[in-house]
Amino acid sequence: MVNLASLNPQQRTAAATLKGPVLILAGAGTGKTRVITFRIAHMIDRGIAPVNILAVTFTNKAAREMQQRVSKLIPKKDRNGEKLERPTICTFHSLCLKILRVHIEKLGYKKNFVIYSESEQLGAIKKILSHMSAKGEKTDPAAILSLLSKYKNGGESAKAFAEPSVAALAQHIRKKYESALRACNAVDFDDLILLTLRLFEEHPDALQACRDKYTYVMVDEYQDTNAAQFKLVHSLSSEHRNICVVGDDDQSIYGWRGAEISNLLDMEKHFPEVKVVKLEQNYRSTTTILTAANAVIKNNTQRRGKQLWSDKGQGKRITLHTFENDEEESKHIVQQIEFMRLASQVPWEDQAILFRTNQQSRGLETALRQSNVRYHLIGGQSYFDRREIKDFLAYLKMLLNPHDDISLLRIANVPARGLSDVTMERMLSASQERDCSVYAAMRHTDVQESCLNRTKESLIEFLRFIDETRAPLSDGQSLSLKVWAEKFLTDTGYIEELQRSEKNPDIADNRVRNLKELVEKLDENGVPTTNPMERLQTFLEDMTLDSDREEDKDNKGDAVTLITMHSCKGLEFPHVYIVGMEDGLLPHSRSKVENTLDEERRLFYVAITRAMVTLTMSYCIGRKKYGQMLPCHPSPFLKELPADLVELDDGKAKKPVTEEVGQNFFAAMKRLAD
DNA sequence: TCATATTATGTTTTT
DNA sequence: CATAATATGA
Ligand SMILES: Nc1ncnc2c1ncn2[C@@H]1O[C@H](COP(=O)(O)OP(=O)(O)OP(=O)(O)O)[C@@H](O)[C@H]1O
């Protein structure tokens with residue numbers, strides 16, 4: 001029996017109302033996510049089959065966490081002693097992937113489709129732009145991609161395309177982009193959702209099957225869903241109406257990605273019979289932290305006001321440090337973390353450093369390493385931005401599907417094998433003439449004949465490599481993908497090339513190590529069981545969709561968390577350090593142009609409300625940018641904090657150490673010395 | 001065709 | 001300070 005007694009009355013109402021639409025609208029730390037977790041457990045307890053339950057979270061990490069918590073609440077077996085299945089708890093993208101893996105052939109894609117990551121999307125866009133005769137003025141591929149995404153997803157942000165000339169251009173680029181991806185049998189992140197919607201429209205039987213399967217739907221962080229995701233939720237639940245959404249308008253921080261707060265706030269419009277639950281007690285933070293957060297967010301005009309209170313007591317004041325530069329900042333924060341650990345026995349895992357941009361983690365990482373402090377960096381694109389990782393994934397994608405032109409072109413001459421840019425460009429136009437893939441074009445003898453003898457040999461050798469390497473993937477024999485990948489990496493001379501291309505041997509070794517680590521993971525989905533082709537596809541999907549997956553060894557053990565303010569949403573830490581509180585970083589300078597100051601403030605609000613016990617902030621007078629020290633000014637948001645809750649530390653006044661703390665500290669030092 | 005040298009250029013957040 | 005796009009020489 002799941003015990004709802006540990007919930008407060010409002011929470012209990014929300015968790016116990018299983019039928020019909022429910023909206024939980026509540027501030028940070030009021031237990032929204034916890035309510036969902038209990039609600040799922042309660043449903044299972046009441047005999048609802050787990051397979052009928054769908055809970056959508058914002059990140060894969062959140063999904064895993066919720067799955068674990070639900071598992072702890074419910075028994076392993078049901079009343080008849082049968083093993084209980086698990087409910088579906090995942091992100092929108094994983095859900096759509098599950099659906100598309102079954103149905104995608106109905107939409108004209110082949111079953112072995114791949115998901116393109118951002119760098120591959122950019123590659124496709126760049127190719128298109130270069131073919132569109134470089135007369136265009138603004139051709140920042142990243143900007144185009146972002147616009148395209150907004151355009152595709154529709155909703156409020158797509159209204160900017162109303163003007164006919166803009167719309168025509170957008171439509172043109174979209175068509176080119178889509179046919180490029182389609183020719184590669186690839187989809188992007190947005191397509192996962194959009195294709196699922198198309199499937200539902202064109203194949204009502206598939207929609208009906210999903211509706212029948214997921215008869216109870218829940219969505220966490222609903223304020224950050226976009227128009228397409230909104231449609232998806234409605235398609236699934238407009239009939240049975242068992243839909244529970246959870247969110248906080250003050251924590252909407254993904255507007256730049258097309259998220260619309262109105263999805264949350266207009267819930268009553270779309271489901272008039274909705275039961276609205278408001279939660280007001282914050283179980284996370286001290287009153288000081290909560291008051292500061294409330295004072296900051298009050299400066300946003302367009303919001304639903306909330307009453308939040310906490311019984312955790314006043315707690316310590318917020319500390320605000322001023323540092324000379326970013327290096328000093330990192331050094332002192334690390335010192336502070338170590339002081340907390342040695343003097344107050346606060347383990348590393350109870351402390352987190354929050355920052356606005358991923359770049360900021362670099363300086364912190366070096367400082368942490370210098371002091372031998374273990375840390376855990378969450379998110380951060382850098383890993384998948386590395387050349388060797390991108391190359392390797394392109395190899396895998398090309399071997400999974402040789403008609404994937406974009407992947408093939410990426411690695412065709414890496415390492416150099418006599419197929420220069422010019423040659424590949426020729427192959428590309430040959431493929432366009434023949435209306436086939438580059439791989440298919442290369443196989444044509446007349447295309448081969450049109451090349452010089454040398455190039456022709458290189459082409460044939462490359463084709464031989466592809467076919468030979470692909471053979472073991474589908475010959476029905478069991479295969480270790482790791483061994484397989486190691487072989488082709490050596491045979492092609494890729495590893496050698498990687499080492500040679502880097503002068504600095506340390507960095508070269510690092511690159512090889514990165515690659516080897518990734519290769520190791522190939523067999524993690526079990527070696528002999530399923531067919532290698534499918535395992536390869538699953539591996540690639542996990543890599544693109546679940547890139548924030550934590551390695552077990554990193555997850556285990558005591559470590560400080562380094563995380564951006566965006567990805568910290570939904571998490572909590574006893575001790576939080578917010579660094580880089582400078583004008584231009586938070587709020588980011590770009591937010592002034594884009595008129596998104598409110599969203600920056602919400603971001604600050606999210607960051608503050610992660611803290612349970614203590615909160616430390618800091619800003620620098622100067623910061624290194626592009627190798628140069630540039631002057632900085634404190635963030636205007638700092639002025640919004642109530643002055644009496646903040647203790648300033650500009651480095652001049654050394655605060656006295658209390659006797660107890662001092663003794664603990666020295667005791668700890670002694671222990672270390674022994 | 002390939003490898004190295006030079007120069008330009010960059011603002012943020014992520015599934 | 002980095003990385004990526006371009007130019008040049010072998
Ligand atoms: N009724 C309760 N009694 C005790 N602790 C609670 C209760 N409800 C929630 N908590 C605790 O409060 C903390 C915040 O809960 P949770 O993460 O679910 O809040 P949230 O509303 O989802 O927050 P956020 O919006 O910031 O993500 C958790 O540590 C949770 O265990």
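Throughout, protein chains are lettered first and strands after them, A, B, ... in sequence-line order, and every chain is numbered starting at 1.
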Contact class for A:Gln360 (heavy atom, under 4.0 Å): base, sugar-phosphate, or nothing?
nothing
Heavy atoms only, 4.0 Å cut-off, all strands: where does A:Phe92 land among base, sugar-phosphate and nothing?
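Nothing: the residue A:Phe92, judged by heavy atoms under 4.0 Å, touches no strand.
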Please give, in whole Å, the distance from [N] [atom2] to [X] [atom1]?
X	N	atom1	atom2	value
A:Lys624	C:dC1	NZ	P	7 Å
A:Glu221	B:dT13	CD	P	19 Å
A:Leu419	B:dC2	CG	P	7 Å
A:Tyr222	B:dT15	OH	C1'	17 Å
A:Asn358	C:dA2	CG	P	16 Å
A:Arg386	C:dT3	CZ	P	10 Å
A:Leu354	B:dT13	CG	P	14 Å
A:Leu459	B:dT1	CG	P	10 Å

Just verifying a value: how many Å separate A:Phe573 CZ and A:Ile563 CD1, rounded to the nearest 0.5 Å?
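Rounded to the nearest 0.5 Å, the CZ-CD1 separation comes out at 5.5 Å.
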From the list [options], which nucleotide is the closest neighbour of the side chain of [X]?
X	options	answer
A:Glu600	B:dT12, B:dC2, B:dT11	B:dT12
A:Tyr626	B:dG10, B:dT15, B:dT1	B:dG10
A:His566	B:dT13, B:dT12, B:dT1	B:dT13
A:Thr423	B:dT14, B:dT15, B:dT1	B:dT1
A:Thr564	B:dT13, B:dG10, B:dT1	B:dT13
A:Thr91	B:dT14, C:dA2, B:dT15	B:dT15
A:His93	B:dT13, B:dT11, B:dT15	B:dT15
A:Lys126	C:dA5, B:dT12, B:dC2	C:dA5
A:Ala416	B:dT11, B:dA3, B:dT1	B:dA3
A:Glu118	B:dT12, B:dT1, B:dT14	B:dT14

With DNA chain B as reference, determine whether A:Ser94 or A:Asp421 sits nearer its 5' end, using the nearest nucleotide of each.
A:Asp421
Contact nearer the 5' end of DNA chain B, comparing A:Ser420 with A:Ile253:
A:Ser420
Pair [X] + [Y], salt bridge at N-O below 4.0 Å:
X	Y	result
A:Glu178	A:Arg174	yes
A:Arg623	A:Glu582	yes
A:Arg362	A:Glu365	no
A:Arg454	A:Glu457	no
A:Asp188	A:Lys152	yes

Check whether any side-chain N or O of [X] sits under 4.0 Å from OP1 or OP2 of [N], and answer yes or no.
X	N	answer
A:Gln628	C:dC1	no
A:Ser567	B:dT14	yes
A:Asn60	B:dT15	no

Could you tell me whether the side chain of A:Arg590 has a donor or acceptor atom within less than 3.5 Å of a complementary atom in the base of B:dT11?
no
Donor/acceptor link under 3.5 angstrom from A:Arg356 side chain onto base of B:dT13
yes
In whole Å, what separates the P atom of B:dT13 from that of C:dA4?
16 Å
Is there aromatic stacking of A:Tyr254 on B:dT13 here, judged by a ring-centre distance under 5.5 Å and a plane angle under 30°?
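No; centroid distance or tilt outside limits.
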Is atom NZ of A:Lys390 surrounded by more than 12 heavy atoms (other residues, nucleotides or ligands) closer than 6.0 Å?
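Atom NZ in A:Lys390 is packed in, count exceeds 12.
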